[in-house]
Amino acid sequence: MTPAWVRTLLAPAATEALGRILLTFPFWGSGLAKLLDFSGGMGEMRQFGLEPAWLFNVATVIVQLGGSALIIARRGVWLGAGALGIFTLLTILIVHRFWALEGIMGVVSFHTATEHVGMIGALILVSILALRPAASRSGDALSDVSLGSATR
């Protein structure tokens, strides 16, 4: 049984909005950093062999800020989450290539890559939840019956 205080905490729309903001924080934080320090963002692109660096930096900013905005605004969540999920998968393949690194750098990249896989899972879940009607996301729907085995 889910305690009443947990249902009360999770029920408000503000809690859902906060969850979307926090989920996307790594993306919009990084996108803003690359936008505000454009030359630094280009340096990051060059470091990983992505040329022309300006184009990859612009594309990264668009994907990170645009995808985050779609999720936070709850408009086209599937598109924003899909773009961020593909972006995140590509960062594993391009940046966090743990299989090609040795020593501590390989270990750090492995852990970062596994965290990225978890983020991809969270992006899939936010897309699934966005498909549910507003009534099923309301406080009345946060009952043990509607949440099924996840509440046990």
Side-chain angles (χ1 to χ4, degrees), residues 2-3 5-7 9-132 136-137 142 144 146-152:
T2 304
W5 68 269
V6 172
R7 286 194 305 274
L9 180 66
L10 295 176
T15 303
E16 181 185 346
L18 178 62
R20 291 192 311 272
I21 291 167
L22 294 175
L23 172 68
T24 58
F25 173 75
F27 300 108
W28 57 260
S30 174
L32 285 174
K34 286 173 179 53
L35 181 62
L36 297 174
D37 179 13
F38 199 81
S39 62
M42 288 194 318
E44 195 176 327
M45 299 304 149
R46 284 190 192 103
Q47 178 181 351
F48 298 107
L50 300 172
E51 293 288 348
W54 69 268
L55 180 62
F56 279 96
N57 198 52
V58 167
T60 297
V61 167
I62 290 170
V63 169
Q64 289 185 317
L65 295 181
S68 295
L70 289 171
I71 292 170
I72 292 169
R74 233 179 155 280
R75 302 283 185 253
V77 174
W78 66 271
L79 179 60
L84 292 173
I86 291 168
F87 172 84
T88 303
L89 178 62
L90 289 173
T91 65
I92 294 170
L93 299 175
I94 296 168
V95 177
H96 306 294
R97 303 172 34 140
F98 60 89
W99 57 90
L101 300 170
E102 294 182 14
I104 191 67
M105 291 307 298
V107 172
V108 169
S109 288
F110 174 76
H111 289 295
T112 302
T114 59
E115 290 170 359
H116 280 42
V117 170
M119 176 61 81
I120 293 168
L123 291 165
I124 291 169
L125 287 174
V126 78
S127 297
I128 292 168
L129 293 173
L131 292 175
R132 296 193 175 167
S136 71
R137 293 188 324 271
L142 289 178
D144 292 335
S146 68
L147 294 177
S149 63
T151 61
R152 293 180 189 17

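Keep in mind the model is a prediction, meaning the values are calculated, not measured.
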> Which heavy atom of Arg74 sits nearest a heavy atom of Arg132, and at what distance?
Replying inline: NH2-O, 3.9 Å
>> List the residues meeting side chain to side chain donor-acceptor pair (under 3.5 Å) with Ser68, not counting sequence neighbours, and say none if there are none.
In response: none
> Which pairs count as ring-ring contact (aromatic ring centres under 6.0 Å, His included) when at least one residue sits in residues 53-88, sequence neighbours excluded?
Replying inline: none
> Can you tell me how far the CZ atom of Phe110 sits from the CD1 atom of Ile92, to the nearest 0.5 Å?
Replying inline: 10.5 Å
> To the nearest 0.5 Å, how far apart are CG in Leu129 and CD1 in Ile124?
Replying inline: 12.0 Å
>> If you define the side chain from C-beta out and look only at heavy atoms, does anything of Thr112 sit under 4.5 Å from Phe98?
In response: no
>> For a quick test of reading the model, state the closest non-hydrogen atom pair linking Val126 to Ala81 and the distance between them.
In response: CG1-CB, 4.2 Å
> Mind checking whether Thr24 and Gln64 have side chains closer than 4.5 Å, heavy atoms only?
Replying inline: no
> When rounded to the nearest 0.5 angstrom, what is the spacing between OG1 in Thr91 and CZ in Arg97?
Replying inline: 13.0 Å
>> For a quick test of reading the model, state the closest non-hydrogen atom pair linking Val77 to Leu70 and the distance between them.
In response: CG2-O, 3.9 Å
>> Within the supplied structure, the quantity of interest is the number of heavy atoms (other residues, nucleotides, ligands) at a distance under 6.0 Å from Trp5 CH2; does it exceed 12?
In response: no
> Within a strict 4.5 Å, meaning less than it, do heavy atoms of the Leu123 and Ile71 side chains meet?
Replying inline: yes
>> So, taking the atom named CG in Leu55 and the one named OG1 in Thr60, what distance separates them when rounded to the nearest 0.5 Å?
In response: 9.0 Å
> Step by step, would you call Val108 with His96 a side chain to side chain contact (heavy atoms under 4.5 Å, CB included)?
Replying inline: CA-CA 9 Å; Val108 169; His96 306 294; over 6 Å; no
>> Restricting to non-hydrogen atoms, name the atom on Gly31 and the atom on Val61 that form the minimum distance, rounded to 0.1 Å.
In response: O-CG2, 3.7 Å
> Looking at OG1 of Thr88 and CG of Leu93, how far apart are the two atoms once the value is rounded to the nearest 0.5 Å?
Replying inline: 11.0 Å
Using atom types as modelled, flag every donor-acceptor pair under 3.5 Å from a side chain in residues 33-48 to any protein atom, sequence neighbours excluded.
unit_1	atom_1	unit_2	atom_2	d
Lys34	NZ	Ser30	OG	2.8
Lys34	NZ	Glu44	OE1	3.3
Lys34	NZ	Glu44	OE2	3.3
Asp37	OD1	Ser39	OG	3.4
Asp37	OD1	Gly40	N	3.0

> What distance separates Leu125 CG from Ile120 CD1, expressed to the nearest 0.5 Å?
Replying inline: 12.5 Å
